[in-house]
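Because the structure is predicted, anything quoted here is derived from the model rather than measured.
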Amino acid sequence: MQSIFAIGMTSAIFPAAVLAALLGLVVGSWLTRVVDRLPRIMDYDWEAQFREWRGEAMQLEEDRPSLWRPACRCPACQAPITGWRRLPVLGWLLLRGRCGGCGQPISWRYPVLECLTALGFAACVWRFGPGVQALLAMVLVAALLALAWIDMDTGLLPDVITLPLLWVGLLANVADTFAPTTQAVLGAAVGYGLLWLLFHGYHLLTGREGMGYGDFKLLAALGAWLGLAALPLLLLAASLTGALVGLFLIVTRRARRGQPQPFGPYLAAAGIVTLFCGGLPPGWLF
């Protein structure tokens, strides 16, 4: 009887996971625009604030980059990407990774981000089943993928993503969705405070900055979503992965010894793994 029930559950989840994957392709296509344009929006706003502080002429508002305009364009020739060419992954494959107008290569990073988002969304449904919990997990996965991508490119973790992610995580766990409410609140506070202490301790000992404030906020957001009990394994996994990747980059001469490396991608990856696999039992501290 139990095996029949399990088969029925699997057959119900599979089509939902497929639909989630299709949704992930669409959201992933949107994320490619976010990770490309959001840093440029931030640069524009910082320059505008600096100009205002110095009393210089302001930039024109219509020159401010936007997530909404212009539509998708080729990075090389700026030709609009329209019709079937805009299909996530498939459009890139049919074009063989090149612009249909100028023939210049279009980065493989776009379909990779779309595929990762699709896989992540399908895994959310497979792990949590169709429902609100899976939808909330999709929000976390999409935000972490965007943050990891932006941090790899620019070394930035935008507040416009990390801070709302923190509050959404706390609100989601009001109903103990991923962690007990107390664990979520403590996870957010300890996550931020722990990296804050490490940052200032390292700065005091070495005179250098070991990480950015965006890492504090990202770990606080992960603590809000996954709870205090998840932080030890999450930090351990992120630190070990970062150390191994850094060693690999040094050995292969893709990075210099002592060269700063973004920590956000490792935190984001550890957060996604912890979301699906779980951390320590919620009652291990209390």
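Atoms CZ and OG, from F263 and S239 in turn, are 4.0 Å apart once rounded to the nearest 0.5 Å.
The side-chain contact (heavy atoms from CB on, under 4.5 Å) test applied to P265 returns A148, D151, M152, P262, not counting sequence neighbours. Under the salt bridge (charged side-chain N to carboxylate O under 4.0 Å, His left out) criterion, R109 pairs with D153, not counting sequence neighbours. Contacts of D176 classified as salt bridge (charged side-chain N to carboxylate O under 4.0 Å, His left out), with partners at least two apart in sequence or in another chain: none. Remark: F276 pairs with no residue by the ring pair (Phe, Tyr, Trp, His ring centres under 6.0 Å) rule, at least two apart or across chains. Residues meeting the ring pair (Phe, Tyr, Trp, His ring centres under 6.0 Å) test with Y266, sequence neighbours left out: none.
Side chains of W225 and L165 form a contact here, defined as non-hydrogen atoms less than 4.5 Å apart.
Note on ring orientation: taking the six-membered ring where Trp is involved, the planes of W126 and F14 are perpendicular (angle over 60°, cut-offs 30° and 60°).
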Next on the checklist: I'd like to know whether L116 forms a side-chain contact (heavy atoms from CB on, under 4.5 Å) with V112, so could you lay out the CA-CA distance, the side-chain angles of the two residues, the decisive distance to 0.1 Å, and finally the verdict.
Outcome noted: CA-CA 6 Å; L116 287 175; V112 166; 4.0 Å; yes

Item to check | Steps toward side-chain contact (heavy atoms from CB on, under 4.5 Å) verdict (F121, V26) | outcome: CA-CA 11 Å; F121 279 27; V26 175; over 6 Å; no

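Pairs of residues two or more places apart, or lying in two chains, never qualify as salt bridge (charged side-chain N to carboxylate O under 4.0 Å, His left out) while including a residue from residues 179-192.
Panel note: side chain T177, backbone N173; no donor-acceptor pair is recorded below 3.5 Å.
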